[in-house]
Amino acid sequence: MKLADKTASELQELLHSKELTIAELTEATFKRIQELDPKVDAFLALNEEQATKQATEMDQTDATERGPLFGLPIGVKDNIVTEGLETTASSLILKGFNPIYNATVVDKLREAGMVIVGKLNMDEFAMGSSNENSYYKNTKNPWNLETVPGGSSGGSAAAVAAGEVPFSLGSDTGGSIRQPAAFCGVVGMKPTYGRVSRFGLIAYASSFDQIGPITRTVKDNALLLNAISGHDEKDSTSANVEVPDFTAALTGDINGLRIGVPKEYFAEGVSEASKQAVKDALKVLEEKGATWEEISLPHSKYALSTYYILASSEASSNLSRFDGIRYGYRTEKAGSLLEFYMNTRSEGFGDEVKRRIMLGTYALSSGYYDAYYKKAQKVRTLIKQDFDKAFENFDVIVGPTTPTPAFKIGEIIDDPLTMYANDILTIPVNLAGVPAISVPCGFDNGLPLGLQIIGNYFDEETVYRVADAFEQATEFHKETPQTWEGAAQ
Amino acid sequence: MAKITKEEVIEVAHLARLAITDEEAVHFADQLEAITNAMELLNELDTENVEPTTHVLPLVNVMREDKSIEGLPREMVMKNVKEHEGGQVRVPTILD
């Protein structure tokens with residue numbers, strides 16, 4: 001029996017009917033990882049011993065006490081701390097770091113009965129769009145092993161796309177869940193800022209970072225967001241708002257839905273294939289009773305610059321904690337305290353991290369603060385207002401997730417500005433803080449394309465409803481990549 | 001267009017506590033100059049009467065009750081420390 005293409009509810013049926021035990025499911029998951037991960041390179045640390053023990057114990061739990069995610073395997077992005085399981089954020093500076101507590105989302109996964117099978121590769125400290133900034137390895141796109149999986153949650157998207165796990169957690173600061181989800185042909189949700197606790201998420205840019213689920217179907221995605229959402233005293237920026245049952249929103253009914261389609265998301269640099277896939281998707285949604293209109297989000301072209309100033313500034317402050325004293329990498333070469341700090345940090349951080357720390361330090365330094373940082377904060381207001389205005393008249397905003405499909409490994413790694421431009425369609429969402437999902441909507445030369453559906457603050461329900469209606473009407477999510485062929489598990 | 005010199009990069013790196021070689025400084029100077037020049041696009045917007053956004057949600061100070069909460073046990077806190085002794089972090093000698 002192949003388990004890789006099963007959804008959460010299909011796996012639950014097998015567990016419920018005793019055709020499958022949690023121990024068997026866990027064993028099959030590790031076998032598939034052993035079989036495929038040498039090609040895909042999605043996983044860093046594996047949690048096999050602990051997971052196997054947990055699974056055997058969980059098989060004893062009565063069916064009446066099991067929730068919809070009970071006993072199901074999940075992988076976690078490596079910037080989310082897991083007690084006793086090495087967590088590095090794909091950086092040398094955290095090599096060997098063993099967290100002494102769990103992130104709130106990890107505790108919530110455990111409460112839901114999920115089995116954490118391992119940690120997933122990413123761009124170092126979530127800075128990057130290709131996973132090439134990992135200190136440890138390059139994750140490959142399961143659809144074409146010569147191309148990148150996207151980033152920074154590249155491992156999280158690739159592991160789900162390869163069927164190694166049905167669920168993963170990623171984090172999204174400027175597109176880091178949606179862009180890799182689009183590149184890997186899976187479903188990735190960035191919730192509203194504040195929907196999910198950031199406690200235990202290794203901070204990159206705190207006013208943007210948000211944890212979210214990556215899955216193969218919209219329903220599984222909604223199930224996982226149910227499990228991880230909610231106010232947390234340990235994160236003072238988490239929102240004290242009610243958490244609805246997101247799966248209840250999946251009615252299939254989008255009759256009368258008003259869609260805004262920003263003309264700026266079809267500008268220069270966005271490939272014809274991406275544009276066409278979105279136009280086709282709009283037809284599908286129209287057939288289900290939705291209407292759409294072209295709109296303008298006039299400040300979109302300023303989003304990239306605004307984001308890199310603000311996110312780098314926040315990063316330069318957040319990453320000052322890595323000093324080699326209490327944990328993490330420590331230099332061997334230090335004649336003075338200053339040298340100790342400087343050598344530890346330059347040896348421990350990779351180039352992209354250094355670039356952003358320096359950019360942020362520059363933008364915050366005296367003489368440049370008003371010109372860069374404060375200016376960018378003001379433009380952020382204008383970008384947020386674009387969305388506020390659009391949501392007065394529309395229920396969702398729809399466009400491509402990325403300008404192009406996945407690019408080749410090594411192709412643009414030496415050109416930071418071209419790399420940054422990958423996130424041009426996802427970044428405005430983080431600046432505003434609204435929720436957005438990427439769902440598979442087509443292929444370009446065998447590589448997946450993503451449809452981005454953006455919702456109003458704390459209205460993930462409408463986003464999921466539209467995403468699910470689209471998924472039900474199309475077959476893209478049923479396609480599987482070449483890495484599945486011949487896999488035994 | 002702002003010009004970023006090698007010297008400025010070395011100064012910024014120093015502020016950020018990063019040691020970089022002259023060669024790296026030249027490389028980073030070119031890249032940071034390209035990035036900051038692209039960012040000057042923002043100057044075409046008049047933002048004089050626009051309030052800055054520091055946070056997307058309307059948050060005010062978050063307070064909790066003023067009572068002591070037990071912290072993590074010391075042996076756990078020491079778990080990731082390279083060298084420690086008597087419950088204290090050991091660092092290399094940096095003073096003569």
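In the text below, chain A, chain B and the rest are named by the order of the sequence lines, each starting its count at 1. Values below: every heavy atom of this structure, side chains too, minus hydrogens, waters and symmetry copies.
A distance of 4.0 Å separates CE of A/M358 from CZ of B/F28, quoted to the nearest 0.5 Å. For the atom pair A/Y308 OH and B/T36 OG1, the distance stands at 15.0 Å (nearest 0.5 Å). For the atom pair OG of A/S346 and CZ of B/R17, the computed distance is 11.5 Å after rounding to the nearest 0.5 Å. To the nearest 0.5 Å, the span separating CZ on A/R380 from NE2 on B/H55 amounts to 8.0 Å. Rounded to the nearest 0.5 Å, atoms OH (A/Y327) and CE (B/M78) are 13.5 Å apart. In this structure, B/N80 CG and A/R326 CZ are separated by 11.0 Å, a value rounded to the nearest 0.5 Å.
At a 4.5 Å heavy-atom cutoff, A/A363 makes no contact with chain B through either its backbone or its side chain. With a 4.5 angstrom heavy-atom cutoff, A/D414 touches chain B only via backbone atoms. Interface remark: A/S236 contributes backbone and side-chain atoms alike to the contact with chain B (heavy atom separation under 4.5 Å). Contacts of B/E48 with chain A are made by backbone atoms alone, with heavy-atom separations under 4.5 Å and no side-chain atom involved. Contact of B/V81 with chain A is made through backbone and side chain together, with heavy-atom distances under 4.5 Å. Within the 4.5 angstrom heavy-atom criterion, only side-chain atoms of A/Y368, from C-beta onward, approach chain B. Both the backbone and the side chain of A/Y302 have a heavy atom closer than 4.5 Å to some heavy atom of chain B. Both the backbone and the side chain of B/H14 come within contact range of chain A, with heavy atoms under 4.5 Å apart. Contact annotation for A/I383: neither backbone nor side-chain heavy atoms come within less than 4.5 Å of a heavy atom of chain B. Of the two parts of A/D323, neither the backbone nor the side chain holds a non-hydrogen atom closer than 4.5 Å to a non-hydrogen atom of chain B. With a threshold of 4.5 angstrom between heavy atoms, A/F208 does not approach chain B through any atom at all. For chain B, no part of A/S316 is nearby; none of its heavy atoms comes within less than 4.5 Å.
You'll find the side chain of B/V89 reaches within 4.5 Å of the side chain of A/I325, heavy atoms only. The shortest distance between side-chain heavy atoms of A/T306 and B/M39 does not fall below 4.5 Å. Counting only heavy atoms from C-beta outward, the side chains of B/K82 and A/Y329 never approach each other to under 4.5 Å. By the 4.5 Å heavy-atom criterion applied to side chains, A/Y372 and B/L42 are not counted as neighbours. Using a 4.5 Å heavy-atom cutoff, the side chains of A/F349 and B/L18 are in contact. With a 4.5 Å cut-off on side-chain heavy atoms, B/P92 and A/E332 do not count as touching. Put simply, the side chain of B/E24 reaches to within 4.5 Å of the side chain of A/K354, judged on heavy atoms.
The choice from A/K301, A/E233, A/H299, A/R345 that makes the most heavy-atom pairs within less than 4.5 Å of chain B is A/R345. Residue with the most contacts toward chain B among A/G194, A/G324, A/P416, A/A334: A/P416 (heavy-atom pairs, distance under 4.5 Å). Per-residue heavy-atom pair counts under 4.5 Å with chain A were compared for B/I35, B/L15, B/I20, B/V9, and the maximum is reached by B/I35. Most heavy-atom pairs under 4.5 Å with chain A: of the set B/R90, B/Q31, B/K79, this distinction falls to B/Q31. Across A/I357, A/V434, A/V379, the residue that shares the most heavy-atom pairs under 4.5 angstrom with chain B is A/V379. Comparing A/A432, A/A239, A/A371 by heavy-atom pairs within less than 4.5 Å of chain B, the highest count is held by A/A432. Among A/Y341, A/Y362, A/Y457, A/Y420, the residue with the largest count of heavy-atom pairs under 4.5 Å with chain B is A/Y362. Of the listed residues (A/L310, A/I309, A/T192), the one with the most heavy-atom contacts under 4.5 Å to chain B is A/I309.
Scanning all heavy atoms of the two residues, the minimum distance from A/L417 to B/A34 falls at CD1-O, 3.6 Å. Closest of all the heavy-atom pairs between B/A19 and A/N343 is CB-OD1, 3.8 Å.
Other residues, nucleotides and ligands place more than 12 heavy atoms under 6.0 Å from the CD atom of B/E44.
Checked by atom type and distance alone, the side chain of A/K378 pairs as donor or acceptor with a backbone atom of B/T47 at under 3.5 Å. Side chain of A/T381 to backbone of B/T53: a donor-acceptor contact under 3.5 angstrom is found.
Screening B/V56, B/L59, B/L57 for a side-chain contact (heavy atoms from CB on, under 4.5 Å) with A/T237, the sole residue that qualifies is B/L59.
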